[in-house]
Number of protein chains: 2
Amino acid sequence: MNAQFKRGIIELCVLSLLIEEDMYGYLIINKLSQHINVNENTIYPILRRLTKEGYFETYLKESREGPSRKYYKMTDKGFKHYLRLRDEWDSFIGGVYHIINQGGKKHEEILERFARRTEETESDGS
Amino acid sequence: MNAQFKRGIIELCVLSLLIEEDMYGYLIINKLSQHINVNENTIYPILRRLTKEGYFETYLKESREGPSRKYYKMTDKGFKHYLRLRDEWDSFIGGVYHIINQGGKKHEEILERFARRTEETESDGS
DNA sequence: AAATAGTATTGTGTAACGGAAGGTAGTGTG
DNA sequence: CACACTACCTTCCGTTACACAATACTATTT
């Protein structure tokens, strides 16, 4: 998996989860892992950074299944940050879709195009 | 604009364009710029890197409007690379969509959810 | 001759993902 | 009791790729 893809997007994913409800790191990691491949060493630093920037507040809560959990709670500032980031993401992704699907073409058509070009090149003997 | 979003994706965009036809750097930059915000200093290094990795071949061609253009032509190896990257991208993005749209919920519902939570917190006086 | 547009390159700073390692707090088992 | 195991959190460091900045060359226009 291309690690580069994840840059910046994981932050948006974390923010998305915390809109719904307060969560602790370990749970966030598990939730994300159901859909994308994430690493704890990626998530914890993001949580700390976003907390430091005032997007989350934290509190400890005991658990019956292990050590105390550090819960993250989204602040209003965090919510605004989410809205901004989400906006940027949607518009960026819109642009990307346009490019990689060449304005609505089906993926198969695009693939065919390469095959056809290759044939042309081979038959013109250059 | 969050520069991090672009990581890795610009490479996919460049590859996508070159499936269709050979292009020179300056044109690629212009094409991409119609949809996303890109910087020449980002594109040229990508082109050089992908060439070095055998995904593109290059040739010079004179132009009437300025200096000679360096055209990039996708190789079979480059095409395979595209297919692989595109696959990874599609599956990664699928996961991301699931997370940020919380399994199909409309964006508005998600936003409402935060508003409701905020009210609850305010009225329970903690 | 100077300005402008077209075209390409290189150097450096910076942010964030991931591998590796380490650490604490509980639970369970023999 | 000792040990293993899971739940949970942290720090360090390498690597990768985007962006700012600066440079440079060619051709056209003024």
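Predicted model, so just to flag it, every value in this text is computed and none were measured. First the proteins, then the strands, lettered A, B, ... as listed; each starts at 1.
- The separation between B:Ile29 atom CD1 and C:dA5 atom P is 17 Å, rounded to whole Å.
- Both B:Arg49 and B:Gly66 lie close to DNA chain D; mapped to their nearest nucleotides by heavy-atom distance, the more 5′-ward contact belongs to B:Arg49.
- Comparing D:dT11, D:dC18, D:dC9 against the side chain of A:Asn41 picks out D:dT11 as the nearest.
- We find that CG of B:Asn30 is positioned 11 Å from P of C:dA8, with the value rounded to whole Å.
- Minimum atom distance to the side chain of A:Lys70 is reached by D:dC9, of the listed C:dT10, D:dC9, C:dA8.
- Contact check, A:Arg48 against D:dT11: a side-chain N or O comes under 4.0 Å of OP1 or OP2.
- Distance alone, capped at 3.5 Å, places no donor-acceptor pair between the B:Arg116 side chain and the B:Leu111 backbone.
- In plain terms, the two heavy atoms of A:Ile10 and A:Thr42 that are nearest each other are CD1-CG2, 3.9 Å.
- Because its NZ or CZ atom is not both nearer than 6.0 Å to the ring centre of A:Tyr24 and within 45° of the ring axis, A:Lys70 does not count as a cation-pi partner of that residue.
- Listed nucleotides: D:dC8, D:dT10, C:dA8. Nearest to the side chain of A:Tyr72: D:dT10.
- Comparing C:dA15, C:dC17, C:dG6 by their nearest atom to the side chain of B:Tyr26 picks out C:dG6.
- Within the structure, a side-chain polar atom (N or O) of B:Tyr44 is placed less than 4.0 Å from OP1 or OP2 of C:dA8.
- To the nearest angstrom, P of D:dA19 lies 9 Å from CD of B:Gln4.
- Each of A:Glu11 and A:Pro67 was matched to the nucleotide of DNA chain C holding its nearest heavy atom; the match closer to the 5' end belongs to A:Glu11.
- Atom CE in A:Met23 sits about 13 Å away from atom P in D:dC9, given to the nearest Å.
- Comparing C:dC17, D:dA7, D:dC9 by their closest approach to the side chain of A:Arg7 singles out C:dC17.
- Mapping A:Lys6 and A:Ser68 onto DNA chain C by nearest heavy atom places A:Lys6 closer to the 5' end of the strand.
- Considering only side-chain atoms of B:Ile46, the nucleotide from C:dT9, D:dC18, C:dC17 that sits closest is D:dC18.
- Listed nucleotides: C:dA15, D:dA19, C:dA21. Nearest to the side chain of A:Glu40: C:dA21.
- If you measure from atom CD1 of B:Ile43 to atom C1' of C:dA8, you get 13 Å, rounded to the nearest angstrom.
- A tilted orientation is assigned to the rings of A:Tyr82 and B:His107, their planes being inclined by 30° to 60°.
- Between B:Phe92 and A:Phe5, the angle of the ring planes stays under 30°, which puts this pair in the parallel group of the 30/60° scheme.
- Rounded to a whole Å, the CG atom of A:Leu15 is 13 Å from the P atom of C:dA16.
- Between A:Ile9 atom CD1 and C:dC17 atom C1' there is a gap of 12 Å when expressed in whole angstrom units.
- Spacing between atom NZ of B:Lys52 and atom C1' of C:dT10 amounts to 14 Å, rounded to whole angstrom units.
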